[in-house]
Structure formats: C-alpha cells, structure tokens
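Source: prediction; values computed, not measured. Each chain gets a letter, A, B and so on, in the order its sequence line appears, and its residues count up from 1.
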Protein chains: 2
Amino acid sequence: MKRIAESTVRRLSLYLGFLEDINRRGTTTVSSEELAKLGGTTSAQVRKDLSLFGSFGKRGLGYSVTELLERLRRIMGLERRWRVCIIGAGKIGAALAQYEGFSQRGFDVVAVYDSNPARVGEALGDLHVRDVAFFERDAESEKFDIAVLAIPARGAQKMAERVARAGIAAILNFVPGQLTAPPKVAMRTVNMAMELEALSFALTNRD
Amino acid sequence: MKRIAESTVRRLSLYLGFLEDINRRGTTTVSSEELAKLGGTTSAQVRKDLSLFGSFGKRGLGYSVTELLERLRRIMGLERRWRVCIIGAGKIGAALAQYEGFSQRGFDVVAVYDSNPARVGEALGDLHVRDVAFFERDAESEKFDIAVLAIPARGAQKMAERVARAGIAAILNFVPGQLTAPPKVAMRTVNMAMELEALSFALTNRD
DNA sequence: TGGAGCTTGTGAAATCATTCACAAACTTAT
DNA sequence: ATAAGTTTGTGAATGATTTCACAAGCTCCA
C-alpha cells in the first residue's frame with residue numbers, strides 16, 4: 001500500500017469521531033459533503049482520503065455510517081485495545097494517567113513509572129506508580145504497545161532508547177525539548193511550548 | 001509579508017529551542033547544516049525558512065547564535081511576555097496551570113477558571129480557581145492574550161465564543177472533540193486521542 | 001594578496017497535497 | 001420504465017512545500 005500522509009491520518013481520526021457521534025444519533029447514512037462540513041474540509045478531500053483504502057460508498061446515497069465506522073476502525077487499527085504505559089508521574093504524567101478519554105478510545109493505561117523514590121508507590125486512580133528500574137522486566141511480561149514519555153528533557157533520549165530496546169514500537173512524546181525517535185519506532189510529539197509559540201507568532205504577525 | 005506555512009512556524013520554534021541550547025553551551029556560530037541535523041531536516045530547508053524573514057547569515061561562516069536568537073525571538077513575538085488564562089481546572093487544566101515550562105518560555109498563567117463550584121477556590125500553585133462566571137469581567141481588566149481551553153466537549157463551542165467575544169484572539173484547545181475557531185481567533189488544537197490513534201495507525205500499517 | 005574551502009541565499013525542479021470537474025452509478029418519484 | 005436528482009470515485013489541474021544545485025560572498029592560511 002502506498003504511504004499515507006500524516007495529514008490524511010489526522011483527518012481519518014477526525015472522521016471517525018464524527019461517525020461515532022452520527023451513529024449515536026441513529027443516522028444511518030452520511031455523505032462526503034456532510035463529513036467535510038463537520039471537519040472544515042471539502043467533500044473531494046473526504047472522498048480522496050477514503051479512496052486510498054477502498055471504495056466504501058454508494059453513488060447517489062453516500063456512506064453507510066456503520067460500515068464506514070467499521071472500515072475506519074479497521075484501517076486505524078482500533079478494533080483491538082492497546083496497552084499503554086506512562087513514563088513520568090509528574091504533573092503531566094499523573095494527569096494523563098487519570099484521563100478517561102484514553103480508555104474510551106481504546107487505549108488502556110496499564111502502568112505508570114517514575115524514577116523519583118518519593119513518587120514510587122503513590123496511587124493514581126487504580127494504578128500505583130512503579131519504579132522505572134522495573135520497566136524492562138515489566139515490559140517483557142506486560143506487553144506494552146505504546147509508551148507515553150512525560151519526563152524532563154534531560155535523560156529523555158536515553159529513556160526513549162530503553163523503550164525501543166524493550167520492544168515498544170510507539171512513543172507519545174510530551175518531553176519539552178528535542179527527542180529523536182529511535183529507529184523503527186513511531187513517535188508523535190506533543191509540545192505545549194511549541195503550540196503556544198505558534199499562537200504568539202499568529203498574534204504578532206496577523207494583519 | 002507573504003503567508004507563512006504552519007509547518008514553517010513549527011520549525012522556527014524548533015530552531016529557537018536549539019539556539020537556546022547552543023547559546024547556553026557558549027557556541028557563538030551555527031550553520032544551517034547543524035540546525036538541520038538537530039531538527040531532522042535539510043540545510044536547504046533551514047535556509048529557506050529563515051530567508052522568508054530576511055538574510056541573517058554570513059557566507060562561509062554561518063549564523064551568529066545570539067543574532068539569530070534575537071531575530072527569531074522577534075519574528076515569533078517572544079520579546080514580550082504573554083498573559084494566559086486557563087479555562088477548566090480538571091486533570092489537564094490543573095496540570096497545565098502548574099506546568100513550569102510555560103513561564104520559562106514567556107507565557108504567564110495568570111488565572112484559572114472552572115464552572116464547578118466544588119473546584120472554585122481550590123489552590124493550584126500560586127493561583128486559586130475562579131468561577132468562570134467572572135471570566136468576562138476579569139478579561140476586561142486583566143487583558144488575557146491567550147486562553148487555554150481544557151474543558152469537556154459539551155459546551156466548549158459556546159465557551160470558545162465567549163472567549164472570542166471577550167476580545168481574546170488566541171486559543172490553545174485541549175477539548176476532546178470538535179471545536180471550530182471563532183472568526184479572527186487563532187487556534188491550535190492538542191488532541192491526545194488523535195495522537196494515540198495516529199500511533200495505532202502506524203503500528204497497524206507498518207510494513 | 002591569492003587560492004582553497006566553506007556556507008549562504010535563492011531561482012528552478014521535483015515532489016507532495018488539495019481541489020476541480022465530470023462520467024458512472026445509484027435513489028426516488030411518477 | 002423513465003427522468004430528475006444525488007453522490008461517489010478518480011484522472012487532471014492546480015497549488016504548496018521541499019529539495020536541488022550553484023553563483024556569490026565570506027574566512028583562513030600561506
């Protein structure tokens with residue numbers, strides 16, 4: 001299959017959210033035009049995005065909501081649940097550990113680690129913070145799919161490499177600083193400072 | 001000045017981070033090739049990005065770290081400090097309110113709001129959670145530049161419009177669901193579920 | 001001073017992403 | 001059964017972004 005652009009994946013995820021809403025409302029059919037309007041894009045864009053994976057619609061009618069939901073879930077790999085561990089139990093890590101949005105979307109946070117002895121043992125929702133020294137041992141037995149990195153920049157690269165060596169192929173990166181994804185590891189970065197700076201730029205350079 | 005692509009702004013922010021590091025190390029000069037290597041891009045890209053704003057380098061030598069730092073700060077609007085309010089004192093909002101990274105980068109969190117009476121009055125670092133009913137009154141006197149929206153999807157669109165009406169022209173959006181930026185408002189969205197879904201996609205569709 | 005060696009700045013080319021536009025295929029109503 | 005009205009799927013056109021490639025300008029050293 002040909003390479004799918006990041007922007008496309010983003011939109012697929014959006015469409016999936018819309019379809020879930022639409023489905024809850026009981027509507028059974030949806031057109032590319034309706035999805036486009038919800039997502040602030042064009043109907044041609046929606047059709048192009050979907051056509052990369054096959055041809056799911058009916059001319060003259062649109063798409064079956066349940067079928068498209070099913071197809072998109074399969075495309076996105078969301079038919080199964082994913083096991084997530086969080087590394088770093090500071091403010092951000094702790095908030096993420098207790099964020100219900102993850103499990104609603106199919107991601108189960110099954111472990112939280114920290115290197116600070118003062119935090120180890122602390123309860124976060126159902127979980128207790130574990131010593132990161134046990135990370136490799138646990139990764140072996142608990143088969144984490146995704147690691148969320150919520151630690152300071154110092155030492156983060158080393159930790160990312162430990163994650164990769166432990167066989168985890170995906171990282172969600174909240175580290176405030178430069179981090180290079182180890183080879184073969186999919187990484188998505190959320191950098192709050194960068195987002196704020198983009199707003200600063202927009203406020204400064206608007207006409 | 002011509003429109004600057006979002007991807008360019010992202011990279012400028014990255015370069016700025018690198019330059020701060022480099023400057024701390026005491027290095028006085030840097031080449032586009034070095035910046036490129038740090039940022040995982042090409043030297044031509046770096047030069048193109050910078051050339052959109054002028055010509056800051058010296059052929060044969062590279063860029064003066066302090067000068068480029070100064071120029072980038074000005075371009076990004078980071079010579080001043082920005083006043084940020086956070087709306088929503090749940091897990092995410094509370095974590096953001098206490099995140100030191102913001103003030104380090106020039107963004108001062110000066111107020112936190114919530115609509116839940118149980119949370120109003122609660123201390124978060126130096127701040128106390130205020131009732132969102134007072135938001136418009138405060139916005140008038142406290143001149144917020146940026147609003148961070150960390151509330152549930154339900155009611156978020158209304159809140160975004162209140163923000164816009166209060167004269168705030170930039171929103172950092174953590175709302176887990178669809179939100180449309182009001183006219184004339186710059187908005188950046190951080191959607192954790194979407195990032196995880198992108199990882200799910202990558203894990204599912206890797207070769 | 002002059003030549004070797006770098007590195008910038010930038011048109012031109014290549015690549016990548018979005019939008020257009022329309023035939024084909026379906027639905028619905030009569 | 002037919003006609004009118006929709007909506008898909010997709011090549012082709014357009015637009016945007018990245019990469020190439022190289023002249024021009026600077027440093028450094030002899």
Where chain B begins and ends its contact with DNA chain D, read 5' to 3' at 4.0 Å from heavy atoms
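First and last nucleotides in contact are D/dT17 to D/dC26.
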Checking all strands, does A/Ala44 fall into the base, sugar-phosphate, or nothing category for heavy-atom contacts under 4.0 angstrom?
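The residue A/Ala44 makes base contact.
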Describe the nucleic acid contact of A/Thr8 in one word from base, sugar-phosphate, nothing, applying a heavy-atom distance below 4.0 Å.
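Nothing, no nucleic acid heavy atom in range.
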Just the table, please: protein N/O against nucleotides 5-9 of chain C N/O, every pair under 3.5 Å.
from	atom 1	to	atom 2	distance (Å)
C/dT7	O4'	B/Gly60	N	3.1
C/dT7	O2	B/Gly60	N	3.3
C/dT8	OP1	B/Ser32	N	2.7
C/dT8	OP2	B/Ser32	OG	2.5
C/dT8	O2	B/Arg59	NE	3.4
C/dT8	O2	B/Arg59	NH1	3.2
C/dG9	OP1	B/Ser55	OG	3.0
C/dG9	OP1	B/Phe56	N	3.1
C/dG9	OP1	B/Gly57	N	2.9
C/dG9	OP2	B/Tyr63	OH	2.8
C/dG9	O4'	B/Arg59	NH2	3.0
C/dG9	N7	B/Arg47	NE	2.6
C/dG9	O6	B/Arg47	NH2	2.9

Just jot down the side-chain contact (heavy atoms from CB on, under 4.5 Å) partners of [X], sequence neighbours excluded, or say none.
| X | answer |
| --- | --- |
| A/Glu142 | A/Arg83, A/Arg130, A/Asp138, A/Phe144 |
| A/Gln45 | A/Arg11, A/Tyr15, A/Thr41, A/Thr42, A/Asp49 |
| A/Gln157 | A/Glu161, A/Leu179, A/Thr180 |
| A/Ala89 | A/Val112, A/Asp114, A/Arg119, A/Leu124, A/Val129 |

Using the salt bridge (Lys or Arg N to Asp or Glu O under 4.0 Å) criterion, which residues pair with [X]? Sequence neighbours excluded.
| X | result |
| --- | --- |
| A/Glu34 | none |
| B/Arg137 | none |
| B/Asp131 | none |

Atom CG of A/Asp49 to atom C1' of C/dC16: distance rounded to whole Å?
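Rounding to the nearest Å, CG of A/Asp49 and C1' of C/dC16 are 14 Å apart.
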Give me the residues of residues 10-22 of chain A where at least one heavy atom lies under 4.0 Å from an atom of DNA chain D, by number, or none.
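When residues 10-22 of chain A is checked for heavy atoms under 4.0 Å from DNA chain D, there are no hits whatsoever.
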Side chain to side chain donor-acceptor pair (under 3.5 Å) contacts in which one or both residues fall within residues 87-107 of chain A, not counting sequence neighbours
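Only A/Arg105-B/Glu197 qualify under side chain to side chain donor-acceptor pair (under 3.5 Å).
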Under the side chain to side chain donor-acceptor pair (under 3.5 Å) definition, can you give me all pairs with a residue in residues 163-179 of chain A, not counting sequence neighbours?
A/Asn173-A/Thr189
Side chain to side chain, A/Trp82 and A/Val110, heavy atoms closer than 4.5 Å
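When only atoms from C-beta onward are counted, A/Val110 and A/Trp82 do not touch, as no gap falls below 4.5 Å.
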